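Data block below; observations after.
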Number of protein chains: 2
Amino acid sequence: MVTMRDVAREAGVSKATVSYVVSGSSLISEKTAAKVRAAMEKLGYSVNHTARALSTAKTNAIGVVTSFRNNGACFDLSAGAYLYGIAAAARRHGYDTMLLTGDDGVEAIRSAALSRRVDGVVVLDVLIGDARVGALKESGIPAVMLGSPADSQGVDVVDSNFEAAAVSLVERLYDHGHRSILFIGWPEAVYERKLNYAVRFRASLMEACAMRGLRVGAVYAHDATLGASEVIPRALRDCPSATAMVIHNDAAVVGAPQAFERTGIRVPADLSVVTVMPDQLGEGMQIPFDSVGIDVDAVASHTVDRLVERIGDPEMSARVELLDQPMHVRGSVRAAHED
Amino acid sequence: MVTMRDVAREAGVSKATVSYVVSGSSLISEKTAAKVRAAMEKLGYSVNHTARALSTAKTNAIGVVTSFRNNGACFDLSAGAYLYGIAAAARRHGYDTMLLTGDDGVEAIRSAALSRRVDGVVVLDVLIGDARVGALKESGIPAVMLGSPADSQGVDVVDSNFEAAAVSLVERLYDHGHRSILFIGWPEAVYERKLNYAVRFRASLMEACAMRGLRVGAVYAHDATLGASEVIPRALRDCPSATAMVIHNDAAVVGAPQAFERTGIRVPADLSVVTVMPDQLGEGMQIPFDSVGIDVDAVASHTVDRLVERIGDPEMSARVELLDQPMHVRGSVRAAHED
DNA sequence: CTGAAAGCGCTTACAG
DNA sequence: CTGAAAGCGCTTACAG
């Protein structure tokens, strides 16, 4: 392995000088710098990341803490998208991305913080009452949660505005005259576990419906399957007054078209349908529903921006930022028939 | 930050002794060890990962090189599964997992290798003629490709046996009397880019059909969409003699049930259907087709096992391991009508 | 503008 | 069984 010493010797300067030209800092004469660069080139030198990290007490890496792989028995279709989005954003800031998986997020955070493996962490799969918030505070490691717990205790939060998404979907249906709707949610286990996005969206939806005097029937797609094909027909049978449907469950959204096809339900002629889901999934799957589309890359990117800012300034006051996501109109809503 | 020095002082021993009890190596008297452990406990000591890495020249991290996020314009449904599988397996071996993304995989490999950021790498999204193979050889970094290029040049390879999968699917159809089949593949861009699994499966499929005198029509799901709903009906119209279908395209498999529903095609009464896809996706989506199910966790785990082995023994001779995947029979194949 | 030197927090022969 | 010491490859005041 070629080190700074080798380069220094080759260029006839000191290690310090090499270090300065590598970091671009300090004012080294162009002449010396050229010599050093030539030597580096010749020897194929590359700075040793670990040594630099030890010396500067900066790893230039961020960690992604993700504990629950199957958010309650469901194959997470968007997990990859968030990871890639975070990694890409980190790279733009000159950071590497470390996957901090493990059953126990609290343990993962503690150990990452104590062993100084990363400069900061992004926490995924946030729960409404998330034990990891405490671990974050305690360890003092710079962190931002991609997801909003009930009490963020002064930890930064970035997420999509699921509350607003629910309201705008309900409004859209209400404005089209719908007065009885059906909500297709995640598997019950997801709510029991209290995954923030599920709980927040549902609560906001119920609230928005209550305020407007809308009737809501709720059904949960067990197994998070395209069990849509079983659940949806049954739900409609049980709640015949419903003229519209709100789906918050990626797998169910994907499966819904088949379910409608099978049961002979025409959208929007027989039923108006709206959803909230990752943009990419909607496009990739050519989902034909009006949707609040989550721009996963934008959310991930914003999260990393915030984390980098936090790493730079530990004293900065904490923020909770919920990003509004745009509505994509695809023609799956139409006016309810007057009764 | 509490260091070994602090612990040593607290316990009244030397740094070396602390180091030995931390690593469990050497024979420190139980009495001394207890004192040291008490001091560590009291002070909340945790070994500094970076310092250890510099000292041992081992980072205890592996990198995952993944260049193409959208394997040719398609939202990759299984990307997350592979990442999580790899991270979990790495963790079992005591390794962290670093995401090495970037447009240029060659550059990512070089830089990771030169800067000693990781002890080894897993390469994803392997192409048939993959430029990264050269970079791997050159850099000498321990590596295993999760995917099989045409020439692995002495680099280890682990992947699902897509060749065998194609053969067994064809055999299954052939044995049921099918003589004309339709192949629904990935978007053309995937084949143009020569992603290994796509090319390998298709080649093996064509070969297996040719050997048995089967007719094959091939259609590619543009946009990798659930464009299945457009592509499949058209394909069947264009090739009316087909009595069976093979799908290799995750999005198309997910969309296929709807397409059949819409066009009134009953499976298997009117058409036999077989696929190959990740197990988890098949289960999560309740795909009703006979499938070769890829056990992503098993493949990821085996890949990491191999990498750890390779890190331990750089001289070990390279292997190409293609893991056979099981066939899940779900009742989507039946005997072709005799003509 | 450049170099000598200390220091980052560990590990690991080597003495004792 | 335990400790003194050198070394891992950088960075960074501090002199000059």
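Keep in mind that what you see is a predicted model, and the values were worked out from it rather than measured. Residue numbers begin at 1 in each chain, while the letters A, B, ... track the order of the sequences.
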Whole angstrom value for the distance that separates C1' of dC10(C) from CZ of Arg52(A): 20 Å
Around atom NZ of Lys58(A), are there more than 12 heavy atoms of other residues, nucleotides or ligands at under 6.0 Å? yes
Donor-acceptor pair between Tyr82(B) and Thr66(B) side chains, under 3.5 angstrom: no
Find the distance Lys35(B):NZ to dG3(D):P and express it as a whole number of Å. 8 Å
Among Arg319(B), Lys137(B), Arg310(B), Arg306(B), find the one that has a salt bridge (Lys or Arg N to Asp or Glu O under 4.0 Å) with Asp156(B). Arg310(B)
Is the backbone of Leu124(B) close enough, under 3.5 Å, to the side chain of Arg132(B) for a donor and an acceptor to pair up by distance? yes
Please test Lys194(B) against Asp130(B) for salt bridge (Lys or Arg N to Asp or Glu O under 4.0 Å), starting from the C-alpha separation and ending with a verdict. CA-CA 9 Å; Lys194(B) 299 205 184 302; Asp130(B) 202 307; over 6 Å; no
For Val22(B), which contact category applies under a 4.0 Å heavy-atom criterion: base, sugar-phosphate, or nothing? nothing
What is the separation between atom CE on Met4(B) and atom C1' on dA4(D), rounded to the nearest whole Å? 16 Å
Measuring from atom CG of Asp119(B) to atom CD1 of Ile141(B), what distance do you get when rounded to the nearest 0.5 angstrom? 8.0 Å
Residue list, side chain to side chain contact (heavy atoms under 4.5 Å, CB included) with Lys35(B), at least two apart or on another chain: Val13(B)
Take atom NZ of Lys58(A) and atom C1' of dG7(C), then tell me their distance rounded to the nearest Å. 20 Å
What's the closest nucleotide to the side chain of Ala51(A) if the choices are dG9(C), dC1(C), dG9(D)? dG9(D)
What pair of heavy atoms forms the shortest contact from Ala300(B) to Ala89(B), and how long is it? O-CB, 4.4 Å
Note: for Leu54(B) and Gly12(B) on DNA chain D, the residue whose nearest nucleotide lies more 5' is Gly12(B)
Secondary-structure string, 5' to 3', Watson-Crick or G-U under 3.5 Å, | for another-strand partners, for DNA chain C: |||.||||||||.|||
Starting from C1' on dC10(D), measure out to CE on Met40(A) and report it in whole angstrom. 14 Å
Just the rounded figure in Å: distance from C1' of dC10(C) to CZ of Arg116(A). 15 Å
Winner on side-chain proximity to Met1(A), out of dG3(C), dG3(D), dG9(D), is dG9(D)
Just how far, in rounded Å, is C1' of dC8(C) from CG of Asp6(B)? 14 Å
Checking side-chain polar atoms at under 3.5 Å, does His49(B) have a donor or acceptor matched by the opposite partner on Asn60(B)? no
Whole-Å gap separating P (dG3(C)) and CZ (Arg9(A)): 14 Å
For dT2(D), does either OP1 or OP2 sit under 4.0 Å from a side-chain N or O belonging to Ser29(B)? yes
If you restrict it to nitrogen or oxygen atoms, what contacts under 3.5 Å exist between nucleotides 12-14 of chain D and the protein, and what is each distance?
{"from": "dA13(D)", "atom 1": "N7", "to": "Tyr20(A)", "atom 2": "OH", "distance (Å)": "3.4"}
{"from": "dA13(D)", "atom 1": "N6", "to": "Tyr20(A)", "atom 2": "OH", "distance (Å)": "3.0"}

